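These values consider heavy atoms only, across backbone and side chains, with no hydrogens, waters or symmetry-generated copies. For clarity, every value in this text was computed on a predicted model and none was experimentally measured.
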Amino acid sequence: MDTIAVLAGRYPHLTFGNLRFGIECGDGWAEIIHAFLAIAEGVTAAGGGTLHLLQIKEKMGGLRIYYRMADTQQGSWMGIDEAYYLAEARSFHVCERCGRRGVLTYNGMLYATLCAEHAAELESEPVSPGPSMSIVIANTVVSYNPDTDPFMSSTMD
């Protein structure tokens, strides 16, 4: 994953100063993080206020992006929130280590979203059933389906 300085240069309208611990997840989720940051950058660049990134990490096998918004219109923050929920849902289908298709796994100590190869290294078994995630699209709550998400097919090739 890029360093905070590289991300700050790539997304100049976002505030990265509060990321005290850096980015605390594997490189496999880099494209998911970039997709979220690109939407947040577009919103803030268009006059949608200020987004302060507080923490980006793995928790219980999924991606968490903690942020605070200031001087943001409702329509703007709703777009950023939608992008966040989508990033979180995607993370449960992408290996945190390599970026290939993955599933939520557990090895008795640790939940992680991993491909079959990395799950075997950690002696992790798939969690069944996996998480069922809902996302918001245009103010409507829908179930997330990675098989119909163009991002998933474009990054998994």
Side-chain angles (χ1 to χ4, degrees), residues 1-107 109-115 118 122 124 127 130-144 146 149-152 154-155:
M1 185 72 215
D2 294 329
T3 65
I4 302 301
V6 170
L7 291 174
R10 186 170 178 181
Y11 305 104
H13 293 94
L14 305 180
T15 304
F16 291 86
N18 293 318
L19 284 173
R20 292 186 204 119
F21 303 108
I23 297 175
E24 305 168 83
C25 64
D27 290 346
W29 288 345
E31 292 305 314
I32 296 171
I33 294 168
H34 281 297
F36 168 79
L37 294 175
I39 290 170
E41 171 73 12
V43 168
T44 56
T50 304
L51 183 123
H52 301 275
L53 288 152
L54 305 174
Q55 192 172 28
I56 300 174
K57 68 178 191 172
E58 177 277 333
K59 183 175 181 179
M60 300 297 291
L63 177 64
R64 303 297 190 273
I65 302 172
Y66 299 108
Y67 54 92
R68 180 174 46 86
M69 293 175 278
D71 305 319
T72 308
Q73 301 293 324
Q74 182 178 4
S76 298
W77 63 255
M78 288 176 63
I80 292 171
D81 283 349
E82 286 180 11
Y84 166 72
Y85 292 122
L86 187 56
E88 181 183 18
R90 286 172 172 161
S91 73
F92 285 104
H93 300 277
V94 174
C95 178
E96 181 186 356
R97 290 188 174 187
C98 68
R100 293 186 301 228
R101 266 301 177 113
V103 297
L104 182 64
T105 65
Y106 183 66
N107 69 358
M109 296 183 298
L110 172 73
Y111 284 99
T113 300
L114 301 168
C115 64
H118 289 117
L122 290 179
S124 291
V127 173
S132 175
M133 303 292 293
S134 295
I135 58 173
V136 179
I137 299 175
N139 296 327
T140 303
V141 177
V142 298
S143 292
Y144 176 72
D149 182 353
F151 173 88
M152 294 296 290
S154 70
T155 60

Distance-only criterion, 3.5 Å: show the donor-acceptor pairs between side-chain atoms of residues 79-87 and protein atoms not counting sequence neighbours.
| residue | atom | partner | partner atom | Å |
| --- | --- | --- | --- | --- |
| Asp81 | OD1 | Tyr67 | OH | 2.5 |
| Glu82 | OE2 | Ala138 | N | 3.4 |

Find out whether [X] and [Y] are in side-chain contact, i.e. whether some heavy atom of one side chain is under 4.5 Å from a heavy atom of the other.
{"X": "Asn107", "Y": "Thr105", "result": "no"}
{"X": "His118", "Y": "Glu96", "result": "no"}
{"X": "Ile23", "Y": "Thr3", "result": "no"}
{"X": "Leu53", "Y": "Ile65", "result": "yes"}
{"X": "Val127", "Y": "Val103", "result": "no"}
{"X": "Glu58", "Y": "Trp29", "result": "yes"}
{"X": "Met152", "Y": "Tyr144", "result": "yes"}
{"X": "Leu54", "Y": "Arg20", "result": "no"}

Which atom pairs, one a donor and one an acceptor, fall under 3.5 Å between side chains of residues 43-51 and the rest of the protein, sequence neighbours left out?
| residue | atom | partner | partner atom | Å |
| --- | --- | --- | --- | --- |
| Thr44 | OG1 | Ala40 | O | 3.0 |
| Thr44 | OG1 | Glu41 | O | 3.2 |

Those residues at least two apart in sequence (or on a different chain) that pass salt bridge (charged side-chain N to carboxylate O under 4.0 Å, His left out) with Glu88 are Arg64
Going from [atom1] on [X] to [atom2] on [Y], what distance comes out if it is rounded to the nearest 0.5 angstrom?
{"X": "Tyr106", "Y": "Leu122", "atom1": "OH", "atom2": "CG", "result": "13.0 Å"}
{"X": "Ile32", "Y": "Leu37", "atom1": "CD1", "atom2": "CG", "result": "12.0 Å"}
{"X": "Lys57", "Y": "Leu19", "atom1": "NZ", "atom2": "CG", "result": "12.0 Å"}
{"X": "Met60", "Y": "Leu110", "atom1": "CE", "atom2": "CG", "result": "9.5 Å"}
{"X": "Arg97", "Y": "Asp27", "atom1": "CZ", "atom2": "CG", "result": "11.5 Å"}

Which pair of non-hydrogen atoms, one from [X] and one from [Y], has the smallest distance, and what is that distance?
{"X": "Leu104", "Y": "Pro131", "value": "CD2-CD, 3.8 Å"}
{"X": "Lys59", "Y": "Tyr66", "value": "CD-OH, 3.9 Å"}
{"X": "Ile33", "Y": "Cys25", "value": "CD1-SG, 3.7 Å"}
{"X": "Thr113", "Y": "Ser91", "value": "CG2-O, 3.2 Å"}
{"X": "Phe151", "Y": "Ala35", "value": "CE1-CB, 4.0 Å"}

